[in-house]
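Notes for the one structure printed next.
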2 protein chains.
Amino acid sequence: MATEGSGTVGKALGVLTLLGEHPHGATAAEIAEEVDYPFSTVYRLLTTLVRTGFAAYDAREKRYQLGLRVYQLGQKVASAHGFEGAALPVLQRLTEVTGESSVLHVRDGDHSLTVHKVDGPQFRTTTDPGDLSPLHTTASGKVLLAFADRATREHLLATLELTPRTEHSITDREELARQVEQIRAQGWAGQSEENDIGMVAVAAPVLSGSNRLIAAVTLAAPKFRADLEDLRRHLAPLQDATAELSVKLPQRP
Amino acid sequence: MATEGSGTVGKALGVLTLLGEHPHGATAAEIAEEVDYPFSTVYRLLTTLVRTGFAAYDAREKRYQLGLRVYQLGQKVASAHGFEGAALPVLQRLTEVTGESSVLHVRDGDHSLTVHKVDGPQFRTTTDPGDLSPLHTTASGKVLLAFADRATREHLLATLELTPRTEHSITDREELARQVEQIRAQGWAGQSEENDIGMVAVAAPVLSGSNRLIAAVTLAAPKFRADLEDLRRHLAPLQDATAELSVKLPQRP
DNA sequence: CCACTACTTCCACATAATGAAAACGTCTGC
DNA sequence: GCAGACGTTTTCATTATGTGGAAGTAGTGG
């Protein structure tokens with residue numbers, strides 16, 4: 001992961017982000033290794049993070065991990081964005097009706113952030129809440145890209161790194177722009193094995209009253225059971241769900 | 001809120017924490033005012049936070065608030081501590097059986113952090129997930145204090161600020177120590193209008209296999225409907241719940 | 001058109017971060 | 001019981017880095 005910023009604060013936040021990638025914690029030396037700062041620098045940053053509650057140190061295991069303050073603040077974000085109560089039941093109903101997994105995504109910079117998911121009865125999707133996925137290889141990502149306001153859309157279209165995830169991933173910028181236009185026109189996006197082999201998905205945007213993009217809802221299924229055509233048949237309930245969410249999620253006009 | 005630390009990083013984290021107290025965001029000037037650092041310092045910190053995704057700037061409203069990266073990392077913490085799946089059903093059952101609100105708390109430094117809650121049919125508790133409460137005025141807090149390992153227990157008992165929240169709050173250090181001993185002996189804690197007027201609660205610890213404290217579960221009710229004696233009648237289902245959680249929450253031996 | 005609010009940029013100065021190195025604990029296996 | 005591995009903690013001279021006052025820009029409203 002790239003350097004998070006030049007200054008001291010940037011380094012600290014970089015270390016914090018890196019801690020997020022070690023669910024079972026990491027030793028100070030491991031972290032210093034990974035971010036490639038001198039050990040004593042990392043050590044000093046870590047003690048500051050621990051002192052403020054953003055990191056926790058397990059003396060027994062000699063491991064640093066994310067602290068509870070991060071969780072605490074994360075909950076504030078959740079309630080500010082309406083991620084807690086209202087959204088889940090809508091996804092649950094969507095999964096009940098369609099039998100497939102439904103997922104709620106928001107755009108986080110140049111990635112798609114999984115907020116909630118409800119797995120279908122038959123299998124489990126690969127992303128969990130808190131995970132980031134590329135914008136150009138996922139149905140939700142294409143929706144989040146296509147319905148972003150023009151300035152960010154154009155900026156992202158011009159600057160996104162089109163790293164392929166599978167042999168079906170889009171790697172051509174022109175092609176992506178073309179798809180984005182089509183998605184804007186038809187109001188939904190599809191994806192077939194562009195992010196994971198064996199997975200297909202469709203997604204639709206959750207728009208506010210003033211047509212600003214709030215989130216995206218995805219329906220995902222394993223290829224062996226459904227192809228893109230099958231999922232298209234579930235477009236109606238999917239769009240019911242996004243319509244309901246556009247009322248229930250807090251507006252930011 | 002006290003200064004979060006001396007160095008630059010401490011200031012940045014202080015600003016971040018403060019953003020958590022402004023659900024609808026705050027302007028750079030407001031923040032500078034509240035933390036009492038020079039404006040340009042705060043401004044620089046904010047731009048770094050925004051650049052890294054820890055804060056978000058709403059150009060329309062000219063307001064800074066917590067960014068999605070905080071939510072993302074918060075989810076990692078949640079999954080590391082098993083806050084997501086397993087805990088909620090247990091609380092739901094407890095509320096079903098007792099008819100009162102049940103809440104899951106963990107200790108976050110010298111505070112009690114609300115992780116989950118399930119409100120009873122009749123009323124709503126005052127804390128939400130992500131909120132902090134004092135250790136000495138709440139049932140959960142007293143449990144978290146009483147069952148912490150000896151070193152931290154003694155340290156907290158000696159250093160906690162016993163600010164009263166109501167006229168019934170404990171303000172005497174001796175008295176608190178006495179109650180803590182009793183709570184350790186009897187295995188649960190009670191509280192009657194010590195944190196909020198009109199609220200009573202009982203709480204019990206969730207202990208790991210090796211008797212280390214993991215969390216606390218609280219049953220809370222409004223005073224007009226139940227007094228402490230009434231809640232004591234629900235001790236059995238409460239302790240069933242904590243026993244179940246001690247298996248379901250991830251162990252950290 | 002002036003007052004107001006809020007963001008943004010600049011720059012001389014000194015504070016605060018740096019990072020190498022060494023001291024300190026604590027395990028582990030020989 | 002000792003050598004070595006591993007990880008944390010402290011120290012300190014050096015200078016990069018953050019500081020913060022002030023001036024500049026931009027939008028808003030009376």
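FYI, side chains are in, hydrogens and waters are out, and symmetry mates aren't considered; it's all heavy atoms of this structure. Each chain gets a letter, A, B and so on, in the order its sequence line appears, and its residues count up from 1.
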Round to a whole Å and report the spacing from [atom1] of [X] to [atom2] of [N].
{"X": "A:Y57", "N": "C:dG25", "atom1": "OH", "atom2": "C1'", "value": "11 Å"}
{"X": "A:L49", "N": "D:dT8", "atom1": "CG", "atom2": "P", "value": "14 Å"}
{"X": "A:E61", "N": "C:dC27", "atom1": "CD", "atom2": "C1'", "value": "14 Å"}
{"X": "A:L46", "N": "D:dG7", "atom1": "CG", "atom2": "P", "value": "13 Å"}
{"X": "A:Y37", "N": "D:dA16", "atom1": "OH", "atom2": "P", "value": "18 Å"}
{"X": "A:F39", "N": "D:dT11", "atom1": "CZ", "atom2": "P", "value": "16 Å"}
{"X": "B:L45", "N": "C:dT8", "atom1": "CG", "atom2": "C1'", "value": "15 Å"}
{"X": "A:D58", "N": "D:dT8", "atom1": "CG", "atom2": "P", "value": "11 Å"}

Kindly assign one of parallel, tilted or perpendicular to the pair A:F83 and A:H81, based on the angle between their ring planes and the thresholds 30° and 60°. tilted
Does the base of D:dG7 carry an N or O that pairs as donor and acceptor with the side chain of A:R63 under 3.5 Å? no
Please confirm whether the shortest side-chain N or O distance from [X] to OP1 or OP2 of [N] is below 4.0 Å.
{"X": "B:Y43", "N": "C:dC7", "answer": "no"}
{"X": "B:R44", "N": "D:dG18", "answer": "no"}
{"X": "A:K11", "N": "C:dT18", "answer": "yes"}
{"X": "B:T8", "N": "C:dA17", "answer": "yes"}
{"X": "B:S40", "N": "C:dT9", "answer": "no"}

Nearest to the side chain of A:T41, which nucleotide is it out of C:dT18, D:dG20, C:dT8? C:dT18
Does B:D108 offer a backbone N or O that forms a donor-acceptor pair with the side chain of A:R69 under 3.5 Å? no
Looking at B:S208 and B:R212, would you say the former's side chain and the latter's main chain have a donor-acceptor pair under 3.5 Å? yes
Before you tell me yes or no, could you show the steps for B:E30 and B:R63 under side-chain contact (heavy atoms from CB on, under 4.5 Å), namely the whole-Å CA-CA distance, both residues' side-chain angles and the distance that decides it to 0.1 Å? CA-CA 10 Å; B:E30 285 167 7; B:R63 293 199 117 73; 3.5 Å; yes
Find which nucleotide of DNA chain C each of B:K62 and A:P38 is nearest to by heavy atoms, and output the residue with the more 5' nucleotide. B:K62
If you apply the rule salt bridge (charged side-chain N to carboxylate O under 4.0 Å, His left out), what do you find for A:E174 with A:R178, and how did you get there? CA-CA 6 Å; A:E174 298 287 319; A:R178 205 155 32 235; 5.0 Å; no
